[in-house]
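Comments concern the structure below.
Both ligands and their constituent atoms are indexed starting at 1 by order of listing. None of these values were measured; they are calculated from a predicted model. In what follows, residues are counted from 1 in the order of the sequence shown.
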Amino acid sequence: MTDTLAVTDGRVLTPEFDVVRADVLIDADAGEIIEVGPDLAGDAEETIDATDSLVMPGLVNAHGHATMTLLRGYADDKTLEDWLQEDIWPAEAELTAEDVAVGTRLAAVELIRSGTTAFADMYFHVGEVVDAVREAGLRARVGHGVVTVGKDEEAARDDFAESVAVAEEYDGAADGRVRTAVMPHAPHTVGTEYFEEFVPRAREAGVPLHFHLNETETYIDEIDAEAGVRPTEYADDLGLLAEDTWVAHGVHVDASEIETLAERGTAVAHCPASNMKLASGMAPVQELLDAGATVALGTDGAASNNDLDLFDEIRDAAMLGKLAADDAAAVDAETAVRMATEGGADALGFDSGRIEAGANADLAVVDLDAVHLTPEHDPVSHLAYAARGSDVRHTVCDGKVLMRDRDVLVFDEDDVRERAQEHAEALAARAEE
Ligand SMILES: N[C@@H](CCSC[C@H]1O[C@@H](n2cnc3c(=O)[nH]cnc32)[C@H](O)[C@@H]1O)C(=O)O
Ligand SMILES: [Zn+2]
């Protein structure tokens, strides 16, 4: 007999965005939703209570660098270029595999606490990331980030080759919860000849690609100077754009680039908090959506955010989307919540982000019994504009309970925090030597 779990006595956010009273019955072994409907508790071996709560799809963080939690608050208030070159890259040069293990666990606890069940990760020491994901019970699309600028030919080729090898090695790890992608950092930080050599190899390996696109004007100028075209056209010519590819940011995309992304089916992971903090600009999210592009949400690394609470991104995406469009009706509440759930799942290629029979059992149960959520006119409005990660009571991923009544079950949280503090201090000391 299969293990079953029922989420009982709550209200459920349906794929149509109706809110209905229903239980959710889950096959915990298969990690799938069996049924959504009334009175299913009797059929289950284990139950979790959702009284006064809203059961929503687990949030999907579609762009980030989990280990960068160790650099949270390390360097703030700078442009992207200065911040990376003066602070982040020197610190990352000192990062060890153990730092990645510790930092990714810290990120995992934060994600679970705020109802995120799937995330994307572009970093290095990917084996450590995979181990942390396995232990956390989360779902992730991970990859090794490639930078070739400043490297000699051999080191550059090794870096890209490693990204392909890592993607092949770990795809399907952690009972299939880990999927992979080849992750060249950005069009301007990887040389053309390396894209030409390795993109076909990534396609042969059957894995997606993920990279930063048009994050700042400076980055666009670099491609313009080198190739005389917009970066999206440059990426398209190199075969980088496809349905299973998703890009981060897409801040400064013009009308023809928006059309290209939509035509290729390449999703955009919008990172509003990171874009505001680094003053990168305002992504034309409503225009992307109107063109038919899939838009997901990401936090980016914690060092440019400075947390991993996707409820902030939902709210920021709605707010910034209105400002960018100069239209208060742009990026409405439902749209913003959809980007953080089904948009992210579609971008990352997971059958999650919807609470319906047959989908992955990835859920967040949000406690609506709170002063800042009173009164209730429209729960979807609350999810977009008033709820926060700390309102999440239970987190379920792949049919397993990762957090119950705000108690994270998969890690010793105090131990994770203590080790993160130690590793962050030692890292900062090495970087300043
Ligand atoms: N193997 C590469 C590492 C690339 S990982 C991905 C990189 O993205 C960097 N990163 C973090 N946030 C941002 C951002 O907002 N824009 C661009 N890069 C970022 C991060 O610091 C990390 O170095 C190397 O040898 O340097
Ligand atoms: Zn990034």
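- With His394 contributing its side chain and Asp405 its backbone, the two residues share a donor-acceptor pair below 3.5 Å.
- Put simply, the side chain of Lys322 gets close to the backbone of Ala330: a donor and an acceptor are under 3.5 Å apart.
- If you put the vertex on the Zn ion (ligand 2), NE2 of His63 and NE2 of His65 sit 100° apart, to the nearest 10°.
- Applying side-chain contact (heavy atoms from CB on, under 4.5 Å) to Leu5 and the options Ile26, Asp27, Val24 leaves one that passes, Ile26.
- Taking every heavy atom of Met68 and a limit of under 4.0 angstrom, the matching atoms of ligand 1 come to 11 (C), 20 (C), 21 (O).
- Aromatic rings from His249 and His270 are positioned such that their centres are separated by 6.0 Å or more.
- Ligand-side atoms of ligand 1 in range of Glu215: 14 (C), 15 (O), 16 (N), 17 (C), range being under 4.0 angstrom from any heavy atom.
- Residue contacts with ligand 1 for Met183 are absent, since no atom lies close enough (heavy atoms, distance under 4.0 Å).
- Of all the atoms in ligand 1, the ones that sit under 4.0 Å from a non-hydrogen atom of Gly145 are 1 (N), 2 (C), 3 (C), 4 (C), 5 (S).
- If you look at His125 and His65, their ring centroids are not closer than 6.0 Å.
- Scanning all protein heavy atoms for the shortest distance to atom 7 (C) of ligand 1 gives His185 CD2, 3.6 Å.
- Residue Ile88 has at least one heavy-atom neighbour below 4.0 Å for each of these atoms of ligand 1: 21 (O).
- Arg157 forms no cation-pi arrangement with Tyr194, by the criterion of a distance under 6.0 Å to the ring centre and an angle within 45° of the ring axis.
- You'll find the ring centres of Tyr219 and His188 inside the 6.0 Å limit.
- Seen from the Zn ion (ligand 2), atom NE2 on His212 and atom OD1 on Asp300 lie at an angle near 170° (rounded to 10 degrees).
- Ranking protein heavy atoms by distance to atom 6 (C) of ligand 1, first place goes to Met122 SD, 3.6 Å.
- Ranking protein heavy atoms by distance to atom 10 (N) of ligand 1, first place goes to His65 NE2, 3.7 Å.
- Residue contacts with ligand 1, taken as heavy atom pairs separated by less than 4.0 Å, involve Lys151 solely via side-chain atoms from C-beta onward.
- By the 3.5 Å distance cut-off applied to N or O atoms, Asp300 is counted among the residues near ligand 1.
- Taking a cut-off of under 4.0 Å to the non-hydrogen atoms of Glu92, the atoms of ligand 1 that pass are 20 (C), 21 (O), 22 (C), 23 (O).
- Leu383 pairs in a side-chain contact (heavy atoms from CB on, under 4.5 Å) with only one of the listed residues (Asp378, Leu54, Ile314), which is Leu54.
- Shown in contact with Trp89 at under 4.0 Å from a heavy atom are these atoms of ligand 1, numbered in order with element: 21 (O), 23 (O).
- Taking a 6.0 Å sphere around CD of Glu153, one finds it holds 12 or fewer heavy atoms contributed by other residues, nucleotides or ligands.
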